[in-house]
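Here is the structure we will look at.
Note that the coordinates shown come from a computational prediction; the quantities given were computed from them, not determined experimentally.
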Amino acid sequence: MPAKEDPEFIACMEDVLDVYELPYDEKHPVVCMDEKPYQLLGEARDPLPMIPGSDRKTDSEYVRNGTVSIFAFVEALGGVHHVSVREHRTAVDWAEEIKYLVDTMYPDAEKIVLVMDNLNTHKPASLYKRYPPEEARRITKKLEIHYTPKHGSWLDIAEIELNVMTRQCLSRRIAEIGLLRRELSAWETERNTLAAKVNWHFRTSDARTKLSSLYPTFTTAS
């Protein structure tokens, strides 16, 4: 959080909060997107299996097998979830994920209201790095993009999704990308079967009270 008055922060924050107050509209779904690095870790020694009266025992030493990137999309009001694993987190990776969002997840939407952080790859320009201009423009026109403020990732509902995923699915060592993809695919299926939703309570009126220190102080002219 900013330490003092920050008009840029509150402008982005209030914009995102207004988006979260929109009613559900299947033709204009509100989708939040985030990504996180994940380190693949193997066992340096074979774990001792669980036996009656004793838990499975894992050596504290492990083997680093590289880092991958997990992309997450969540439609909080519709209960739609998607996660994918990529070897990199480049502009091209983001562009391909956004094409999947537009063409596979929401092919019939008139406009996708997309909330995400302001990472340098999270830009329409990334689509032009991956696709011909006609295709890049087609995808861009399906999006209405809203960025969370700098240092305001807590405003991205997809970050909540990643935290849930980490607790439920990643609380152990996973050594290779194929296994990680299978585990997350199973988790995604369960989340979509449950149509797990997020009930966001924090509103602009709350922000103006609880985060009043971030707002500039005005003196009313007499």
[atom1]/[X] to [atom2]/[Y] distance, rounded to the nearest 0.5 angstrom?
X      : Y      : atom1 : atom2 : answer
Glu26  : Glu110 : CD    : CD    : 9.5 Å
Met13  : Leu214 : CE    : CG    : 6.5 Å
Thr140 : Leu127 : OG1   : CG    : 4.5 Å
Glu134 : Ile139 : CD    : CD1   : 11.5 Å
Leu114 : Leu101 : CG    : CG    : 6.5 Å

Taking side chain as C-beta onward, heavy atoms only, is [X] less than 4.5 Å from [Y]?
X      : Y      : value
Ile70  : Met165 : yes
Asp34  : Met116 : no
Thr90  : Ser126 : no
Glu188 : Glu183 : no
Thr67  : Tyr38  : no
Tyr100 : Phe71  : no
Asn118 : Pro149 : no
Leu184 : Leu170 : yes

Minimum heavy-atom separation for [X] and [Y], please, with both atom names.
X      : Y      : result
Cys169 : Ile174 : O-CD1, 4.3 Å
Cys32  : Asp156 : CB-OD1, 3.3 Å
His28  : Val113 : O-CG2, 4.2 Å
Ala158 : Val74  : CA-CG1, 3.7 Å
Thr121 : Arg89  : CG2-O, 4.2 Å
Ala207 : Leu17  : CB-CD1, 4.0 Å

*Can you tell which of Arg191, Lys36, Lys197, Arg167 makes a salt bridge (charged side-chain N to carboxylate O under 4.0 Å, His left out) with Glu161?*
Arg191
*List the steps, then state whether side chain to side chain donor-acceptor pair (under 3.5 Å) holds for Glu97 with Ser84.*
CA-CA 8 Å; Glu97 289 294 326; Ser84 64; 2.7 Å; yes
*Residues Lys150, Asp6; criterion side-chain contact (heavy atoms from CB on, under 4.5 Å); working and verdict*: CA-CA 11 Å; Lys150 186 178 180 181; Asp6 192 329; over 6 Å; no
*Over 12 non-hydrogen atoms of neighbours within 6.0 angstrom of CD in Glu8*: no
*Relative to the ring of His82, is the ring of Phe73 parallel (under 30°), tilted (30 to 60°) or perpendicular (over 60°)?*
parallel
_Parallel, tilted or perpendicular, as decided by the 30° and 60° cut-offs, for the rings of His81 and Trp187_ = perpendicular
*After noting the C-alpha distance and the side-chain angles of Glu144 and Ile112, does the key distance pass the side-chain contact (heavy atoms from CB on, under 4.5 Å) rule?*
CA-CA 6 Å; Glu144 178 187 312; Ile112 299 168; over 6 Å; no
*Step by step, work out the side-chain contact (heavy atoms from CB on, under 4.5 Å) result for Val80 and Met105.*
CA-CA 9 Å; Val80 177; Met105 293 182 66; 3.9 Å; yes
What about [X] and [Y], same hydrophobic cluster or not, with Ile/Leu/Val/Met/Phe/Trp/Tyr joined at side-chain heavy-atom distances under 4.5 Å?
X      : Y      : result
Leu22  : Ile145 : no
Val83  : Leu179 : yes
Phe9   : Tyr20  : yes
Tyr215 : Val16  : yes
Val30  : Ile98  : no

Do the side chain of [X] and the main chain of [Y] share a donor and acceptor less than 3.5 angstrom apart?
X      : Y      : value
Thr189 : Ser185 : yes
Lys142 : Ala109 : yes
Asp117 : Ser153 : no

*Distance under 6.0 Å and angle within 45° of ring axis: Lys111 vs Tyr106*: no
_Which residues share a salt bridge (Lys or Arg N to Asp or Glu O under 4.0 Å) with Asp103, sequence neighbours left out_ = Lys99, Arg138
Could you tell me whether the side chains of [X] and [Y] share a donor-acceptor contact shorter than 3.5 Å?
X      : Y      : result
His88  : Asp93  : no
Tyr128 : Glu135 : no
Glu35  : His122 : yes

_Counterpart residues, ring-ring contact (aromatic ring centres under 6.0 Å, His included), relative to Tyr131 (two or more places apart)_ = none
*asked:* Under the rule for side-chain contact (heavy atoms from CB on, under 4.5 Å), what residues qualify as partners of Ile177, not counting sequence neighbours?
replied: Leu40, Val68, Val85, Glu87, Arg181
*Determine the sole option in Leu155, Val19, Leu77 for which the side-chain contact (heavy atoms from CB on, under 4.5 Å) test with Trp200 is passed.*
Leu155
*Are Arg86 and Glu96 within salt-bridge range, i.e. N to O under 4.0 Å?*
yes
*From CA spacing to verdict: side-chain contact (heavy atoms from CB on, under 4.5 Å), Val115, Ile157*: CA-CA 8 Å; Val115 177; Ile157 289 176; over 6 Å; no
*How far apart are the C-alpha atoms of Arg182 and Glu176, what are their side-chain angles, what is the distance that settles it, and do they pass the salt bridge (Lys or Arg N to Asp or Glu O under 4.0 Å) test?*
CA-CA 10 Å; Arg182 292 192 295 274; Glu176 53 94 13; 3.5 Å; yes
